[in-house]
Amino acid sequence: MKFIVSSSSLLKNVNLISGVINSNNTLPILDNFLFELEEGKLKITGSDLETTISTTLEVESSDSAQIAVPSKILADTLKTFPDQPLTFIQKEDNLLEIVSEQGNYQIAMESAEEYPHAPEIQDATVSTLQAGVLSEAIAKTLFATGNDELRPVMTGVFFQAGTDSFKFVATDAHRLVKYTRKDLQANDAAEYIMPKKPLNLLKNVLSGSNEDVNIEYNQTNTRFSFQNIVLTCRLIDGKYPNYEAVIPKENPNVLTINRNMFLTSLKRVAIFSNKTTNQVRLKLSGSSLNINAEDLDFSSKAEERLPCDYNGADMQIGFNSKFLIEVLNNLQSDDITLEMSEPSRAGIIKPVDGLEEGEEILMLVMPVMLNA
């Protein structure tokens with residue numbers, strides 16, 4: 001087997017899929033990329049058994065072959081080359097030789113026969129989403145997923161494809177994000193829970209593109225096909241919690257405020273909060289918002305007053321500053337609204353501006369009990 005490829009093109013494709021490979025694989029073969037060469041095209045595959053991602057690029061070759069190449073040494077070597085043609089030659093004794101303008105390098109290969117194949121998607125339902133929309137949906141929801149392995153359904157993002165809209169939901173029980181696209185519809189309604197790792201891979205792959213992504217899914221697996229990239233992953237098994245039940249419907253107390261001003265103020269005041277609870281207190285009255293925090297253990301406290309537009313009864317409500325800051329960081333609007341009903345119920349944050357037509361974002365943060 002022999003092929004010639006651009007070093008920068010190969011590195012770009014290797015970087016796209018290298019995130020799937022774990023640092024401590026149970027199967028040694030998964031430390032490798034699978035190279036499949038056929039008719040001048042090289043297909044590179046990486047897998048951790050749960051998620052398999054492959055990319056295809058053009059090379060100079062008339063050969064057909066399959067080999068497994070150690071991923072780390074390949075990626076580390078490619079990073080050091082300036083853009084140039086590299087020649088890969090399969091030698092005897094399971095050795096792969098790389099010839100560059102600077103010199104020759106040999107690495108040991110594994111048998112491609114041991115490499116696991118991505119599952120076929122039987123009886124698949126198919127839908128299509130624009131890459132930019134899917135990337136935005138992942139970016140807006142992924143941060144709110146949980147890490148509790150005892151509640152696996154909450155460690156992923158809930159995809160809810162409907163005949164009138166697409167919804168993407170994530171929650172860790174402290175905060176919740178619902179991202180809705182009313183400008184998208186599916187032919188058949190479907191629901192599935194996507195794990196975090198393949199979504200991170202997808203987000204990196206899709207960013208900056210507006211081409212279509214083809215999605216095939218059944219009860220156990222889903223496959224995303226985009227340009228020269230195919231990602232297949234196992235879905236999280238289980239029923240997603242009824243997220244609509246935790247979203248308060250009547251919220252008469254509405255704060256409208258500049259997002260960046262609110263965010264920078266929270267970041268300053270939060271420095272003085274208790275390091276265990278991270279609690280900040282919001283006092284709302286008339287056209288002013290008072291933000292304060294204190295740490296009695298270290299006799300530190302901070303207070304800031306901000307101008308705002310507030311309609312509702314005077315109230316005080318407490319939040320974990322980390323969750324509130326993270327939610328505000330994941331919005332791009334100039335102004336936001338914070339809708340509340342009472343201090344013991346969740347606050348709902350929505351952007352006032354900056355949304356596309358048909359796009360809706362709702363972010364919810366659970367309150368914390370205020371100290372006396």
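This chain uses plain numbering: 1 for the first residue, then up along the sequence. All heavy atoms count here, side chains included; hydrogens, waters and symmetry mates do not.
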Closest non-hydrogen atoms of Val280 and Ser321, given as atom of the first, atom of the second and distance, are CG1-CB, 3.7 Å
Would a 4.5 Å heavy-atom cut-off, applied to side chains only, mark Leu86 and Tyr105 as touching?
no
- With the side chain counted from C-beta on, respond yes when Gln316 and Pro343 share a heavy-atom pair under 4.5 Å apart, and no when they do not. no
Close side-chain approach of Ser54 to Ile17, heavy-atom, < 4.5 Å | no
inquiry  = Any non-hydrogen side-chain atom of Gln279 less than 4.5 Å from a side-chain atom of Asn274?
reply    = no
Query raised in the report: What do the steps show when you test Leu284 against Asn253 for side-chain contact (heavy atoms from CB on, under 4.5 Å), and what is the final call?
Result: CA-CA 9 Å; Leu284 295 143; Asn253 304 307; over 6 Å; no
Contacts satisfying side-chain hydrogen bond (donor to acceptor under 3.5 Å, both in side chains) that involve residues 255-265 (not counting sequence neighbours) are Ser265-Glu304
message = Please determine whether the number of non-hydrogen atoms from other residues, nucleotides or ligands lying under 6.0 Å from atom NZ of Lys196 exceeds 12.
response = yes
Do other residues, nucleotides or ligands put more than 12 heavy atoms under 6.0 Å from Glu101 CD?
yes
**Request:** Report yes or no: do Leu202 and Ile193 belong to one cluster of Ile/Leu/Val/Met/Phe/Trp/Tyr joined by side chain heavy-atom distances under 4.5 Å?
**Result:** no
Hphob cluster co-occupancy, Leu30 + Ile73, side-chain heavy atoms under 4.5 angstrom | no
| Between Val169 and Leu199, is there a shared hydrophobic cluster once you connect ILVMFWY residues whose side-chain heavy atoms come closer than 4.5 Å? | no
Check your understanding: Between the side chains of Ser209 and Glu211, does any donor sit under 3.5 Å from an acceptor?
Key -> no
- Item | Pro82 side chain reached by Gln102 side chain, heavy atoms, under 4.5 Å | yes
**Q.** Over 12 foreign heavy atoms within 6.0 Å of CD, Gln84
**A.** yes
Q.
Other residues, nucleotides and ligands only: do more than 12 of their heavy atoms fall within 6.0 Å of CG on Asp237?
A. no
Does the gap between the ring centers of Phe168 and Phe158 come in under 6.0 Å?
-> no
Here the pair of heavy atoms bringing Asp295 nearest to Lys275 is OD2-N, 4.0 Å
- Determine, step by step, whether Phe3 and Asp63 satisfy the side-chain contact (heavy atoms from CB on, under 4.5 Å) criterion, reporting the C-alpha distance in whole Å, the side-chain angles of both residues, the deciding distance to 0.1 Å, and the verdict. CA-CA 8 Å; Phe3 65 89; Asp63 295 342; over 6 Å; no
Regarding Glu356 and Arg181, does a basic nitrogen lie under 4.0 Å from an acidic carboxylate oxygen? yes
Over 12 non-hydrogen atoms of neighbours within 6.0 angstrom of CD in Gln219 = no
With a 4.5 Å heavy-atom cut-off, do Ile44 and Leu57 have their side chains touching?
-> yes
_Side chains of Gln332 and Lys140: any donor to acceptor distance under 3.5 Å?_
yes
- Going through the distances and angles, do Asn290 and Glu303 end up as a side-chain contact (heavy atoms from CB on, under 4.5 Å)? CA-CA 7 Å; Asn290 189 291; Glu303 182 175 340; 2.7 Å; yes
Check your understanding: Side chains of Asn228 and Thr55: is there a donor and an acceptor less than 3.5 Å apart?
Key -> yes
The reported gap from OG in Ser23 to NZ in Lys72 (rounded to nearest 0.5 angstrom) is 11.0 Å
message: Are Cys233 and Pro195 packed together at the side-chain level, in the sense that at least one heavy-atom pair is separated by less than 4.5 angstrom?
response: yes
Review item, side-chain donor-acceptor pairs of residues 115-132, under 3.5 Å, at least two apart:
unit_1: Tyr115; atom_1: OH; unit_2: Asn32; atom_2: O; d: 3.1
unit_1: Tyr115; atom_1: OH; unit_2: Thr45; atom_2: O; d: 3.3
unit_1: Tyr115; atom_1: OH; unit_2: Ser47; atom_2: N; d: 3.2

Student check: side-chain heavy atoms of Asn147 and Asp172 closer than 4.5 Å | no
Nearest heavy-atom contact between Leu263 and Asn329 is CD2-OD1, 3.3 Å
Given the options Leu338, Val177, Leu328, Met363 meets side-chain contact (heavy atoms from CB on, under 4.5 Å) only with Val177
Lys239 NZ: over 12 foreign heavy atoms closer than 6.0 Å:
no
Of all heavy-atom pairs linking Asp148 and Thr155, the shortest is O-CG2, 3.5 Å
inquiry  = Do Leu331 and Leu362 land in one hydrophobic cluster if side-chain heavy atoms of ILVMFWY residues count as linked below 4.5 Å?
reply    = no
Those residues at least two apart in sequence (or on a different chain) that pass ring-ring contact (aromatic ring centres under 6.0 Å, His included) with Tyr217 are Tyr192
Does atom NZ of Lys43 have more than 12 heavy-atom neighbours, drawn from other residues, nucleotides or ligands, at distances under 6.0 Å? no
In this structure, CG of Leu184 is separated from CG of Asp164 (nearest 0.5 Å) by 11.0 Å
* Asked: Is any NZ, NE, NH1 or NH2 atom of the basic residue among Glu244 and Lys178 found under 4.0 Å from an Asp or Glu carboxylate oxygen of the other?
  -> yes
Are Val368 and Phe262 grouped together when hydrophobic residues (ILVMFWY) are joined by side-chain heavy atoms under 4.5 angstrom apart? no
* Asked: Hey, what's the ring geometry for Tyr240 with Tyr243, parallel, tilted or perpendicular (30° and 60° as the breaks)?
  -> perpendicular
